[in-house]
Structures are given as C-alpha cells and as structure tokens.
Peer 1: 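The structure's right below; bear with me while I get my questions together.
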2 protein chains.
Amino acid sequence: MIKEIPFVLNVESQVDFSKFELQFKALADQKRLQIMYELTQKGSVCVCDLVDIVNMPQSKLSYHLKILLDANLITKETKGTWSYYELNHEEVNRLLSPELCCIFRKSENQSSGCCP
Amino acid sequence: MIKEIPFVLNVESQVDFSKFELQFKALADQKRLQIMYELTQKGSVCVCDLVDIVNMPQSKLSYHLKILLDANLITKETKGTWSYYELNHEEVNRLLSPELCCIFRKSENQSSGCCP
DNA sequence: TCTTTAAATCAAAATAAATTGATTTAATCC
DNA sequence: GGATTAAATCAATTTATTTTGATTTAAAGA
C-alpha cells in the first residue's frame, strides 16, 4: 500500500502565475481597456472602424489588439480583407469580478450571468 | 450666433480607467502575484520573514510591496521596527472573479463570500 | 550614547514595453 | 494583370519598469 505524500511543502512556490501575468499585463493599459470597452459596446468591430473609434494609428491599434488576443481576452474573425474583433466574455468573466465584468458588458444583455 | 458642437463624438472615451490600469499593473507580475499568494496563506507577514519566503533581496521586495500597496491590494501595519503586510481582501474581491479570489484565499476561511 | 536591526529610498544600470513610420502580405475589384 | 484597400509586421526610437547595491531613516536594546 502506498502512503500518500503530504501535499504541504512548498506547494505554494510551484503555483504557476504565468497565465495570469499575461492576462493582467494585457489589462494593465488604459488604451487596451478602452478597446475592450468599445468592443463591449459595439459587439463585433472591424479594425478599420476601430481605428476611428479609439482614435489610434492602425499599426498601434494592431499592436494592442495582438496583446489582447494573445491574452485570450478578445477573439478575431477574418472575413475577406476585414478582421472583426470581439470581446471574449467567457474569459473576461472567468477573470474579473461581476462588478468589473459589468464595465465590459452592455446593460441590455443580462444573459451571461455576470451582472447582478 | 455660435452653432453648438454636437456632444456625440467620443463620449465613451471619457470613461476613466486609470485606477484599473494601476491595479492591473500591480497584478501584472508573477513575483507580486506570489507575494499576494503568500500573504493569503500566511495572513499577516513582516518584511523580514517575507524576504525568505519569496526569496528576494530586501530592497527588491520593498519595491514590489510598494506597488501593491499603492494599488490598494495589500495593507501595511508598522509595529516598532517591523512592518506587517496583509492582503486587502475587500479590494481583491471587488476586482477579481470568485474563481480567482480563491487563489488569494485560504480554503479554511470561507467567511468573506468569495469562494463558491 | 552607541550599536544593531528593519525597512525604505536612491541613483545607476539593465530589461522590457510602447510608439512611429515604412514596408509587407493578402484579399478585392476593375 | 494592375490598382486599391485592410491589416500585420518590422526596425528604430522613445519611454517605462525592474534590478542592483549602497545609503538613509528610524526604532530598540545594551
């Protein structure tokens, strides 16, 4: 019979925070928070429109979208020459408090169990 | 007669994300996440002990504690020469999802309405 | 008072992230 | 095919953050 090894020593220093670091880094910028906010308000938006909405040069926007995409906080769908970005509500809800989720959620849409 | 400029354009860009930026910046670092995790496990810890727990030079730890403190994610109490730091559970819960809060919460203590 | 210890601060160096403007890739339309 | 448009990428610069080791501040004890 095998004795269980106590699940105690230094388990804490094993905890892997790298995914959280990546996601919080993506959130740690007002420009990117605004992009997320706009995607919440407008739903699915193509880069060519987003450029005007957030008033940002295209290459700069592209850079910030990539950071959000790599963090899995937004999703991308390409249709021909256009790329449409959307908020990844599941991931945002997984990460942020209901209170905070509401900032990234239209008040009309209460369906996804985030807002109180 | 002066024509009014329509108050339409860019109302959304008025939303102030600066406090969130500060807090997410504080969270956007594995070392600081580990510090928060240790404070969750150990409750109130003085810097002199934390140095060994997170295995970090004192000045470096002091730097990271300040960032967490400025973001209101931890609190500090000085007793004589010692400084004791604690997690600010209210603020952490306000910001992070119940799921994530659990990472910064001892499983014994279910009192604060965070874990499911 | 002098010494010791804890913790914060400082300035310099190292590292990382953001911005810029130009270029590339690739899909669409004529 | 050639021109046009959308979006990503690139390299160079700028800006911000982190690390380091030394110094400072200040409380406690002999």
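Treat the numbers as computed from the prediction; the structure is a model and nothing was measured.
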Peer 1: Identify whether L69(A) and F24(B) are in the same connected component of the hydrophobic contact network (ILVMFWY, side-chain heavy atoms under 4.5 Å).
Peer 2: yes
Peer 1: Would you give the length of the straight line joining atom CG of L33(A) to atom CG of L100(A), rounded to the nearest 0.5 angstrom?
Peer 2: 9.5 Å
Peer 1: Closer than 4.0 angstrom, basic N to acidic O: yes or no for K25(B) and E21(A)?
Peer 2: no
Peer 1: Cation-pi check, K76(B) to Y84(B): give yes when NZ or CZ is under 6.0 Å from the six-membered ring centre and within 45° of the ring axis, no otherwise.
Peer 2: no
Peer 1: Going only through I, L, V, M, F, W and Y residues with side-chain contacts under 4.5 Å, is there a path from L50(A) to V15(B)?
Peer 2: yes
Peer 1: If you look at every strand shown and take non-hydrogen atoms under 4.0 Å, does S83(B) touch a base, only sugar-phosphate, or nothing?
Peer 2: sugar-phosphate
Peer 1: Given atom CH2 of W82(B) and atom P of dT5(C), what is their separation to the nearest angstrom?
Peer 2: 11 Å
Peer 1: Output the rounded distance in Å from CD (E77(B)) to C1' (dA7(C)).
Peer 2: 16 Å
Peer 1: Heavy atoms within less than 4.0 Å of DNA chain C: which residues of residues 63-75 of chain A have one? Give them sorted by number.
Peer 2: Y63(A), H64(A), I67(A)
Peer 1: Reckon K31(A) has a side-chain N or O less than 4.0 Å from the OP1 or OP2 of dT19(C)?
Peer 2: yes
Peer 1: Rounded off to whole Å, could you give me the CG-to-P distance for the L50(A) and dA7(D) pair?
Peer 2: 10 Å
Peer 1: In this structure, how many angstroms lie between the C1' atom of dA16(C) and the CZ atom of F24(A), rounded?
Peer 2: 20 Å
Peer 1: Measure from OH on Y84(B) to C1' on dA7(C) and round the result to the nearest Å.
Peer 2: 13 Å
Peer 1: Does any non-hydrogen side-chain atom of K42(A) lie less than 4.5 Å from one of I53(A)?
Peer 2: yes
Peer 1: Does R32(A) use its side chain to pair, donor to acceptor, with the backbone of A26(A) at less than 3.5 Å?
Peer 2: yes
Peer 1: List every contact pair, protein side and nucleotides 21-27 of chain C side both N or O, where the distance is under 3.5 Å.
Peer 2:
from    : atom 1 : to     : atom 2 : distance (Å)
dG21(C) : O6     : S59(A) : OG     : 3.4

Peer 1: Would you kindly give the CD-to-P distance between E21(A) and dA16(C), to the nearest whole Å?
Peer 2: 11 Å
Peer 1: Are E99(B) and R105(B) ion-paired here, with the side-chain N under 4.0 Å from a carboxylate O?
Peer 2: no
Peer 1: Assigning hydrophobic clusters by single linkage (Ile, Leu, Val, Met, Phe, Trp, Tyr; side-chain heavy-atom cutoff under 4.5 Å), is L65(B) placed with V51(B)?
Peer 2: yes
Peer 1: Provide, to the nearest angstrom, the distance between the CD atom belonging to Q30(B) and the P atom belonging to dT15(C).
Peer 2: 18 Å
Peer 1: How many whole angstroms separate atom CG of D49(B) from atom P of dT5(C)?
Peer 2: 15 Å
Peer 1: Can you identify which nucleotide, out of dT19(D), dA17(C), dA18(C), has its nearest atom closest to the K25(A) side chain?
Peer 2: dA17(C)
Peer 1: Identify whether any heavy atom of Y85(A) sits under 4.0 Å from a base atom; if not, whether one sits that close to sugar-phosphate; answer base, sugar-phosphate or nothing.
Peer 2: sugar-phosphate
